Amino acid sequence: TAEVMSHVTAHFGKALEECREESGLTADVMEEFKHFWSEDFEVVHRELGCAIICMSNKFSLLQDDTRIHHVNMNDYVKSFPNGEILSQKMVELIHNCEKQYDDITDECSRVVKVAACFKVDAKKEGIAPEVTMIEAVMEKY
Ligand code: B8M
């Protein structure tokens with residue numbers, strides 16, 4: 001659900017500052033990770049892909065090939081309140097997007113494409129959170 005996704009995003013987003021430098025993602029492009037879900041934020045910058053890889057690595061969410069680690073991702077999402085109702089769906093949506101961009105060799109470019117695809121599909125599924133929902137739980141992490 002969108003409520004669970006707001007928790008995942010609030011927690012995951014905390015790793016952004018640690019990844020600013022190495023990803024090259026400027027505050028001008030993305031001030032805070034919660035804006036990922038904003039209606040008017042376009043998921044297009046290669047640097048955002050690099051940042052997502054760096055952030056995911058902090059929680060061991062990726063395999064060596066920079067594709068999602070299904071077990072670790074599942075466990076990560078399940079660690080949040082009611083996470084078990086979102087974990088399988090989330091892994092399924094991300095994996096489905098990964099299959100569509102498997103031919104892109106540049107990792108950062110591929111991951112930002114997968115993330116954009118995931119945002120669209122999560123909205124379709126009604127599990128995309130509003131920025132205000134994320135703000136409401138940010139202080140918990
Ligand atoms: C990686 C879990 C992050 C959950 C936070 C919410 C939204 C972030 C979207 C990133 C999509 C994950 C793309 C990683 C795919 C690698 O092939």
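We count ligands from 1, going down the list as the structure has it; atoms in each ligand are counted the same way. All values below come from the heavy atoms of this structure, side chains included, with hydrogens, waters and symmetry mates left out. It should be emphasised that the depicted structure is a prediction, and the values quoted were computed from it without experimental measurement.
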Under-4.0 Å heavy-atom contact with ligand 1, by part of [X] that carries it:
| X | answer |
| --- | --- |
| Tyr76 | neither |
| Thr66 | backbone |
| Met73 | side chain |
| Phe59 | neither |

Residue pairs passing the disulfide bond (SG atoms under 2.5 Å apart) test with at least one member in residues 61-100, sequence neighbours excluded, are Cys97-Cys117
Practice item. Identify whether the distance between the nearest side-chain nitrogen and carboxylate oxygen of Asp102 and Arg67 falls below 4.0 Å. Key: yes
Charged N to carboxylate O below 4.0 Å: is that the case for Asp121 and Lys124? yes
Atom indices of ligand 1, in the order listed, that fall short of 4.0 Å to a heavy atom of [X]:
| X | result |
| --- | --- |
| Glu98 | 15 (C), 16 (C), 17 (O) |
| Thr9 | 6 (C) |
| Val114 | 15 (C) |

Inset, instruction - Keeping the roles fixed (side chain from His45, backbone from Leu48), state whether a donor-acceptor pair exists under 3.5 Å. - result: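 Not confirmed, His45 side chain does not pair with Leu48 backbone.
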If you compare Met90, Arg110, Met5, Lys34 by their heavy atoms, the one closest to atom 4 (C) of ligand 1 turns out to be Met90
**Message:** I'd like the name of whichever of Phe36, Phe12, Tyr101 reaches closest to atom 9 (C) of ligand 1 through any heavy atom.
**Reply:**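 Looking at heavy atoms only, the winner is Phe36.
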Can you give the donor-acceptor pairs under 3.5 Å from side chains of residues 131-141 to other protein atoms, not counting sequence neighbours?
{"unit_1": "Glu135", "atom_1": "OE2", "unit_2": "Lys34", "atom_2": "NZ", "d": "2.9"}
{"unit_1": "Tyr141", "atom_1": "OH", "unit_2": "His7", "atom_2": "ND1", "d": "2.7"}

